[in-house]
2 protein chains.
Amino acid sequence: MDRFVSHYTLRLDAKGRVSIPAPFRAVLARDGFDGLYCYPALDRPALDAGGNALLKEIETLIARFAPYSEEREQFSATLYSTSEILKVDGEGRVVLTEPLKSHAGIADAVAFAGHGHKFQIWEPGRFRAELAEATEKVRALKKRLGTQGAAEGPHGARE
Amino acid sequence: MDRFVSHYTLRLDAKGRVSIPAPFRAVLARDGFDGLYCYPALDRPALDAGGNALLKEIETLIARFAPYSEEREQFSATLYSTSEILKVDGEGRVVLTEPLKSHAGIADAVAFAGHGHKFQIWEPGRFRAELAEATEKVRALKKRLGTQGAAEGPHGARE
DNA sequence: GCGTGATCCATTGACGCCCATATAGTCCCA
DNA sequence: TGGGACTATATGGGCGTCAATGGATCACGC
């Protein structure tokens, strides 16, 4: 499997470390990126994380703007300077920096949520709320689509 | 990693020295430039800094103008004459010259901000403001792009 | 001699790396 | 099919190393 799927809730230890869920570690290992690329999501209190696949997506996005253009400068500045490359220890753990934790409101536990080529890191309570809201919207959308059944919920029932 | 990523805030000591963040030093070492190439950013109160990769970008920029043209002369004169090649001591520290500090409004602390192939040096307060502003613009820009349906932003599909 | 600056050394705290333990899930075999 | 051994994962802790910072010594030019 080469995609991040499902979600997991894990605790931070006294030193602020948290294990990346083993299935996600397996995807990262296959991806080949050394460490964990991580930055605050623009429009929600969560962190985007991943490896080369995520980096490539960002580069593609930035490459759509003309070189030296104001938009491009701002895009690359924002994304690069707020990004962190977290080291992963021998046990598959990372320590989130203070800015990252603060953006997501993370204290002593985090929820990892698979998003295919990347995954997000949430404060568990906020994640539950976000998931409930998103599920509701998807449900309504599916109803609008009628019998096409094009959209399944993004997550299973597991909590 | 061969890019400047993330940001760091460090203090100047009594002698005006400031450590280049270790991850940035690693990138510079790989780049092979001896010292730190540094000049005032043209359109903002910050300093651009880097190594050979930055020099190459500058040369490419200047090469866009016709040889001996007025623009080219002015461009190269401005960029090269205001540039400094700062010495890096055994501990990885540099001393900013007075013109550089004055341009960026730096007193006793600086923020290093990764920009991929180069990094910028800011007065910490100004950097926070600049980052907030750039993030806001990127957020708006991403929203525009999202409605086009041409590409998903790097931050997930659900809106 | 004195100021300026550069190289060297010292301290402190954070972080990386290693090992230990518990728990849960899986597999094997009787 | 049930039990038990085994494996892998999550978590906790110790310790050495490195980075950031401060200070001191040394070299040199004015």
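Computed from a predicted structure; not experimentally measured. Sequence lines set the chain letters: A, B, ... in the order given, protein chains first and strands last, and positions in each chain run from 1.
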Enquirer: What nucleic acid atoms does Leu86(A) come within less than 4.0 Å of, heavy atoms only: base, sugar-phosphate, or nothing?
Expert: nothing
Enquirer: How close or far is atom P of dA20(C) from atom CG of Asp13(A), stated in whole angstroms?
Expert: 18 Å
Enquirer: Give the rounded distance in Å between these two atoms: CG of Leu10(B) and P of dA14(C).
Expert: 14 Å
Enquirer: With no hydrogens and no angle check, is any side-chain donor or acceptor of His103(B) less than 3.5 Å from a backbone partner on Ala41(B)?
Expert: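 At least one qualifying donor-acceptor pair exists.
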Enquirer: Is Arg25(A) near enough to dA10(D) that one of its side-chain N or O atoms lies under 4.0 angstrom from OP1 or OP2?
Expert: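 Answer is yes, contact under 4.0 Å.
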Enquirer: Among dG16(C), dT11(D), dA20(D), which nucleotide has an atom closest to any side-chain atom of Lys87(A)?
Expert: dG16(C)
Enquirer: Using atom CZ of Arg93(A) as one end and atom P of dA8(D) as the other, report the distance to the nearest whole Å.
Expert: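 So the two atoms are 18 Å apart, to the nearest Å.
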Enquirer: Between Glu133(A) and Lys137(A) (salt bridge meaning N to carboxylate O under 4.0 Å), is one present in this structure?
Expert: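 Salt bridge present between Glu133(A) and Lys137(A).
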Enquirer: By nearest nucleotide on DNA chain C, pick out whichever of Val95(A) and Val95(B) is the more 5' one.
Expert: Val95(B)
Enquirer: So, are Arg139(A) and Glu136(A) salt-bridged, with charged N and O less than 4.0 Å apart?
Expert: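 So Arg139(A) pairs with Glu136(A) through a salt bridge.
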Enquirer: With sugar-phosphate meaning primed atoms plus P, OP1 and OP2, does Lys15(B) contact a base, only sugar-phosphate, or nothing at under 4.0 Å between heavy atoms?
Expert: base
Enquirer: What's the closest nucleotide to the Ala22(A) side chain, out of dT9(D), dA19(D), dT21(D)?
Expert: dT9(D)
Enquirer: Under a single-linkage definition using a 4.5 Å side-chain heavy-atom cutoff for Ile, Leu, Val, Met, Phe, Trp and Tyr, are Ile62(A) and Phe119(B) assigned to the same hydrophobic cluster?
Expert: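 The answer is no; the residues belong to distinct hydrophobic clusters.
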Enquirer: Hey, is the side chain of Arg11(A) pairing donor to acceptor with the base of dG12(D) inside 3.5 Å?
Expert: no
Enquirer: On DNA chain D, does the nearest nucleotide to Leu12(B) precede the nearest nucleotide to Arg17(A) from the 5' side, or the other way round? Give the residue.
Expert: Arg17(A)
Enquirer: Without decimals, in angstroms, what is the distance between Tyr8(A) OH and dG25(C) P?
Expert: 13 Å
Enquirer: Would you kindly compare Asp89(B) and Gly90(A) by the position of their nearest DNA chain C nucleotide and give the one closer to the 5′ end?
Expert: Asp89(B)
Enquirer: Is any NZ, NE, NH1 or NH2 atom of the basic residue among Arg30(A) and Asp2(A) found under 4.0 Å from an Asp or Glu carboxylate oxygen of the other?
Expert: no
Enquirer: Counting only side-chain heavy atoms from C-beta out, which of dG23(D), dT21(D), dT9(D) sits nearest to Glu91(B)?
Expert: dT21(D)
